[in-house]
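All remarks here apply to the structure that follows.
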Amino acid sequence: MAIHEYDFLHLQGSATSLILEMRANAPPIWRHWGQKLTAKAMPLANLLDQLPVPTFALDHNIAPTLFPTFGHGWYGAPALLAHRSGTQFAQDFTRCEAHWVTTDHHVIIKLVDDVAQMCVEIDVSLSPQTDVLTLQTRLTNLGETALDVQYCASACLPLPTNACKVRAYSGRHNHEFQLFEDKLSPATWSRENRRGLTSHDCPPCAVVVSDSTDMHQGPAFGLQLAWSGNHSQRIDALDDGGFQWQIAQWLAPGEVILLPGESLMAPIAMATFSNAGLNGVAHNFHAQARKHVTWPTGKMSPRPVHFNTWEGVYFDLNEQALMDMASGAASLGVERFVLDDGWFMGRRHDRAGLGDWWVDRSVFPDGLHPLCAHVTGLGMAFGLWVEPEMVNPDSEVFRAHPDWVLQLNDRPQLTARNQLVLDLSNPEVFDYLQARLVALLEEYPITYLKWDHNRDLTSAGHTETPAYRNQILNAYRLFNAVRQQFPNVEIEACAGGGGRIDAGILMHTHRFWTSDCIDAVSRLSIQRGFLQFFPPELMGSHIGTSPAHVTGRSQSLGFRAAVAMGGHLGLELDPRCLSDGDRQETRAWVGLYKSLRDTLHSGQIWLGVAGDGIIWQAHGHEADFVLMIYRVSPTAQRLPPQVQLSFLSGATDYRVKILSPSACFDASNGEFFSKLARGEAVASGQWVKEIGFPLPFMKAETALILRFSA
Ligand code: GLA
């Protein structure tokens with residue numbers, strides 16, 4: 001596209017617009033990213049013609065651009081920090097071209113700095129289906145000397161002057177996705193993750209809202225980085241009262257040195273705007289994630305009821321016991337049986353064995369064949385746990401190849417969970433892991449891998465140079481290699497629960513193990529954080545035992561099951577230990593999940609808060625949705641609150657039916673609730689939207705699941 005034909009580029013989503021002001025000799029200026037505008041609604045003038053020049057300032061303004069650079073007039077946070085042995089530390093683009101890939105939706109902006117001799121190509125697309133803005137940046141060294149790149153942003157987005165709060169997530173192992181909010185101010189807001197993987201404490205995502213935004217309405221901007229390694233995020237105030245939001249991979253010193261002609265491809269950033277509040281952002285991100293997952297058959301199959309052996313038996317594996325567990329699981333309605341940690345050579349505890357990916361014949365004398373045959377004979381799929389990137393010093397593979405781990409000369413090796421990290425940039429390591437995985441997948445009828453990563457990286461050197469970034473790229477390559485050879489295998493991303501939950505790994509996987517904490521109360525906040533960015537069918541959520549192993553808290557089976565229903569349902573307990581009553585009740589929940597999964601895992605989800613310890617979650621479509629109401633804490637009021645379903649249009653009326661197999665209120669609550677129990681209640685959509693749906697008395701840690709059908 002010749003630049004003179006268009007002064008402004010207008011990318012259009014279904015409810016979002018992005019407008020860039022184009023200049024032939026400089027990068028595009030951000031003019032708008034937010035509410036959809038019509039093609040007619042163009043800026044009144046070029047930005048530099050409408051901005052007055054402040055005192056004590058350069059004689060002409062420097063505007064925020066798609067890729068601002070340091071050292072030649074821009075005082076804000078730059079998108080690039082790079083130099084050539086201390087020279088050409090300043091960059092400023094001298095040429096700009098735009099090439100439509102798909103008119104109005106997808107454009108490639110090419111920026112060249114003829115002085116600093118580099119080129120940046122930014123692939124910008126705004127999806128008309130999902131309203132997600134995807135940015136991917138490639139930096140190329142056009143010079144004749146090496147370019148040392150310290151920082152290269154994946155996105156530099158504008159936020160308007162009414163942006164006032166950022167909602168981000170902290171946490172730890174067993175406590176992922178803990179929401180915190182910070183007020184935006186002139187101080188830079190910044191987060192950095194140097195743990196070498198996505199991390200439990202700093203996932204690469206956040207949402208920015210205005211003062212008036214809530215779950216259901218108001219402007220909200222979301223951003224995430226499709227990257228499973230080190231990253232950083234920052235929000236800086238701009239001169240006009242707005243903000244600039246950046247997200248990037250975090251590079252270790254010397255990590256990217258581009259030789260002449262070489263390029264750096266920055267991870268993809270995904271951003272979205274919605275005027276429908278936090279749920280609007282979630283809807284857009286869910287729709288985008290659904291586009292990204294590549295299912296074995298091209299389409300997601302109904303998410304099978306999952307069973308994982310870990311909390312049931314941990315390392316105490318025994319072939320007969322596992323078969324009994326499998327029989328028990330099948331009788332509960334389970335459809336996929338996953339053998340977790342402990343099955344391979346020497347892995348009787350977490351101090352040995354990682355890396356030796358052969359079945360331990362002391363536990364399984366005939367390999368996994370009898371167990372696989374038993375599981376598949378019961379009609380279940382068979383899944384296996386692996387942790388390919390790791391090695392225990394106490395393993396055959398490490399004894400044979402101590403040089404295979406990420407390490408630094410003259411530095412001690414720091415173990416975590418008694419393990420070290422294999423250096424995937426070493427081709428021998430890569431080939432070894434690929435061969436072991438292939439051998440297992442060839443020998444056994446495995447259709448599912450739970451792919452774990454149970455430590456953070458440190459001292460990650462490959463022949464003394466930083467290997468953090470390449471470790472991730474090679475891990476992606478390993479996932480790809482396995483998937484290409486075994487396209488029918490689904491993969492679950494796990495890193496001590498939710499340490500590797502991000503849109504990058506999702507391009508290679510099909511499920512996340514959300515957290516090692518299965519306590520249903522803890523899970524509610526973890527799952528709600530997850531659901532801000534990813535859809536429920538990708539969220540592994542299991543019914544665990546009571547008391548919960550991690551917290552020691554006890555919850556009823558009904559509550560544990562109702563919380564697990566919010567995602568991809570699984571069981572993680574020992575079926576041999578269930579009482580008859582619990583077995584019957586579990587079967588009922590599993591049956592309910594099967595009957596609802598199409599509704600739970602399609603359409604949209606809406607999260608809400610009713611006050612007085614009540615939160616809720618609705619899945620489906622306006623005409624047919626499932627409402628899960630959770631009383632998290634005891635009531636502080638004399639009478640329960642009503643649940644106002646603000647997401648409805650109000651145009652439809654409903655039949656409302658209780659679905660929860662476990663009783664969560666008694667008959668003394670009044671005639672309406674008896675009708676509800678009998679499936680005879682009706683509700684005006686307008687009433688429940690504006691006034692609310694009445695609730696019975698519910699004890700703390702109980703849940704009510706309702707179906708609303710038009
Ligand atoms: C991690 C996972 C668990 C389990 C163990 C096995 O902690 O999150 O689910 O697989 O590893 O060691």
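Note that ligands are numbered from 1 as they come in the structure, with each ligand's atoms numbered from 1 the same way.
- Within the listing of ligand 1, atoms 8 (O) sit less than 4.0 angstrom from a heavy atom of Gly497.
- The contact set between ligand 1 and Cys494, taken as ligand atoms under 4.0 Å from a residue heavy atom, comprises 2 (C), 8 (O).
- For the pairing with Arg347, the salt bridge (charged side-chain N to carboxylate O under 4.0 Å, His left out) check across Asp340, Asp360, Asp341, Asp356 returns one residue only, Asp341.
- The side chain of Arg417, and not its backbone, has at least one atom closer than 4.0 Å to an atom of ligand 1 (non-hydrogen atoms only; side chain from C-beta on).
- Atoms of ligand 1 lying under 4.0 Å from at least one heavy atom of Trp310, given by number and element, are 3 (C), 4 (C), 5 (C), 6 (C), 9 (O), 12 (O).
- Proximity of Glu387 to ligand 1, defined as any heavy-atom pair under 4.0 Å, is not found for any part of the residue.
- By the 4.5 Å heavy-atom criterion applied to side chains, Leu437 and Trp451 are counted as neighbours.
- Scanning the protein for heavy atoms near atom 12 (O) of ligand 1, the closest one is Asp341 OD2, 2.6 Å.
- In terms of N/O distances under 3.5 Å, ligand 1 is approached by Trp385.
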| request: Evaluate ring-ring contact (aromatic ring centres under 6.0 Å, His included) for Phe512 paired with Phe530, printing each intermediate quantity in order. | output: CA-CA 10 Å; Phe512 293 111; Phe530 176 102; 5.7 Å; yes
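- Judged by distance alone, with hydrogens and angles left aside, the side-chain atoms of Arg191 form a donor-acceptor pair with the main-chain N or O of Tyr169 at under 3.5 Å.
- The part of Asp452 lying near ligand 1 is the side chain, judged by heavy-atom distances below 4.0 Å.
- Between the side chain of Trp343 and the backbone N or O of Trp385, at least one donor-acceptor pair lies under 3.5 Å.
- The pair Asp394-Arg399 meets the salt-bridge criterion, since a charged nitrogen lies less than 4.0 angstrom from a carboxylate oxygen.
- Protein heavy atom closest to atom 9 (O) of ligand 1, with residue, atom name and distance, is Lys450 NZ, 2.7 Å.
- For Tyr432 and His401, the gap between ring centers reaches or exceeds 6.0 Å.
- In this comparison of Asn308, Asp340, Thr309, the heavy atom closest to atom 4 (C) of ligand 1 sits on Asp340.
- In summary, the side chains of Arg523 and Ser525 do not present any donor paired with an acceptor at a separation below 3.5 Å, with no hydrogens or angles considered.
- No hydrogens or angles considered: nothing links the side chains of Arg483 and Asn480 as a donor-acceptor pair under 3.5 Å.
- When only non-hydrogen protein atoms are considered, atom 8 (O) of ligand 1 lies nearest to Asp516 OD1, 2.5 Å.
- Ligand 1 places these atoms under 4.0 Å from at least one heavy atom of Asn454: 1 (C), 7 (O), 11 (O).
- Heavy-atom proximity to Gly496, at under 4.0 Å, picks out these atoms of ligand 1: 1 (C), 7 (O), 8 (O).
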